[in-house]
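In what follows, a structure is listed as structure tokens, so that the remarks can point back to it.
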Amino acid sequence: MTIISPSILSADFANLERDIKKVEPFVPWLHIDVMDGHFVPNISIGVPVVKSIRKITNLFLDTHLMIENPIKYIDAFADAGSDLITFHYEATLDKTIETIEKIKSRNLKVGLSIKPKTTVDEIKNYINLVDMILVMTVEPGFGGQKFMEESAKKIAEIKKINPDVLVQVDGGINDETAIICKDYGANSLVAGNYIYSAQNIEKAIEKIK
Ligand code: DX5
Ligand code: ZN
């Protein structure tokens, strides 16, 4: 079973509750993209929004931090109600272990993400220490970009090192690219534009499942 995690980056922020309720019956997870304007060129949403989302849904809150110095914000996102916190290896480097331990100390699931140019070799020492690896198949920062198949090959490399670690893919997922990811062994797919621009959201989710 593929875990589908709709990205609210493509939702209407003025109608966020309505748009979360549109996907809620069909998925177990909700993907929340946090951007700081430093690690990525865009600014999106932060802790207060996660706190408000926690009040209106029981979906598993899959929080993708695209921010510098993520360790500084773990307590705030944990208190706000995140269930899984994924941070970027490129944002922590020598502080990676410390950041993993900080998330674990809050009894949350831990995800480690890599941008398209980062190799599996660079993170090989951390794969057995986390619950999930998030493979970015676009440069992080914006929804609606084109899927980079070269990056998707990393799914199989990660699975070879640890078949039990969850591998999530984020960026450019649609009914065609979902198949490629599934073939490489992906466990979870994030989709923003594909789900939120669909005429029939239930059918769109069913297709990528
Ligand atoms: C990009 C974000 C993604 C984004 C995916 O930086 O991490 O989660 O919302 O959007 P789509 O599915 O539209 O590529
Ligand atoms: Zn994301």
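Numbering of ligands and ligand atoms starts at 1, following listing order.
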The Zn ion (ligand 2) to [X]: nearest N/O/S atom name:
X	result
Asp33	OD1
Asp170	OD2
His64	ND1

What's the shortest distance from [atom] to any protein heavy atom, and which residue and atom give it?
atom	result
atom 5 (C) of ligand 1	Asp170 OD1, 3.4 Å
atom 12 (O) of ligand 1	Gly192 N, 2.8 Å
atom 14 (O) of ligand 1	Gly172 N, 2.8 Å
atom 6 (O) of ligand 1	Gly141 N, 2.7 Å
atom 10 (O) of ligand 1	Gly143 CA, 3.5 Å
atom 11 (P) of ligand 1	Gly144 N, 3.6 Å

* To do: Pick one of side chain, backbone, both or neither for how Asn193 approaches ligand 1, counting any non-hydrogen atom pair under 4.0 Å.
  => both

* Backbone, side chain, both or neither: what part of Phe142 comes under 4.0 angstrom of ligand 1, heavy atoms only? ->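 Backbone only.
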
Counting each atom of ligand 1 from 1 as listed, which ones have a heavy atom of [X] under 4.0 Å away?
X	result
Pro140	6 (O)
His64	7 (O)
Asp33	2 (C), 3 (C), 4 (C), 7 (O), 8 (O), 9 (O)
His31	8 (O)
Ala191	12 (O)
Leu9	9 (O)
Val190	8 (O)
Met66	6 (O), 7 (O)

* Ser7, Ser44, Ser113: member with heavy atom nearest to atom 9 (O) of ligand 1 -> Ser7

Mind listing the closest non-hydrogen atom pair of [X] and [Y] along with its distance?
X	Y	answer
Thr2	Lys209	OG1-O, 3.6 Å
Ile32	Ile53	CD1-CD1, 4.0 Å
Val110	Leu84	C-CD1, 3.7 Å
Pro6	Trp29	CD-O, 3.1 Å
Ile20	Ile8	CG1-CG2, 4.1 Å
Ser5	Gln168	CB-NE2, 3.9 Å

* Asked: For atom NZ of Lys159, is the number of surrounding heavy atoms from other residues, nucleotides or ligands below 6.0 Å larger than 12?
  ->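 For Lys159, atom NZ is crowded (more than 12 foreign heavy atoms under 6.0 Å).
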
* To do: Would you indicate whether Tyr73, at its atom OH, is surrounded by more than 12 heavy atoms from other residues, nucleotides or ligands within a distance under 6.0 Å?
  =>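 Atom OH in Tyr73 is not crowded, with 12 or fewer foreign heavy atoms closer than 6.0 Å.
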
* To do: Begin with the C-alpha distance, continue with both residues' side-chain angles, and end with the deciding distance and a verdict on side-chain contact (heavy atoms from CB on, under 4.5 Å) for Phe13 and Val49.
  => CA-CA 10 Å; Phe13 286 164; Val49 178; over 6 Å; no

* Should His64 and Asp62 be marked as a side-chain hydrogen bond (donor to acceptor under 3.5 Å, both in side chains) after you check the CA-CA gap, both sets of side-chain angles, and the distance that decides it? -> CA-CA 6 Å; His64 180 191; Asp62 161 21; over 6 Å; no

* **Glu157/Lys154 ion pair, N-O < 4.0 Å** => no

* **Derivation of the side-chain hydrogen bond (donor to acceptor under 3.5 Å, both in side chains) call for Asn200 and Lys207** => CA-CA 11 Å; Asn200 184 326; Lys207 266 194 174 174; over 6 Å; no

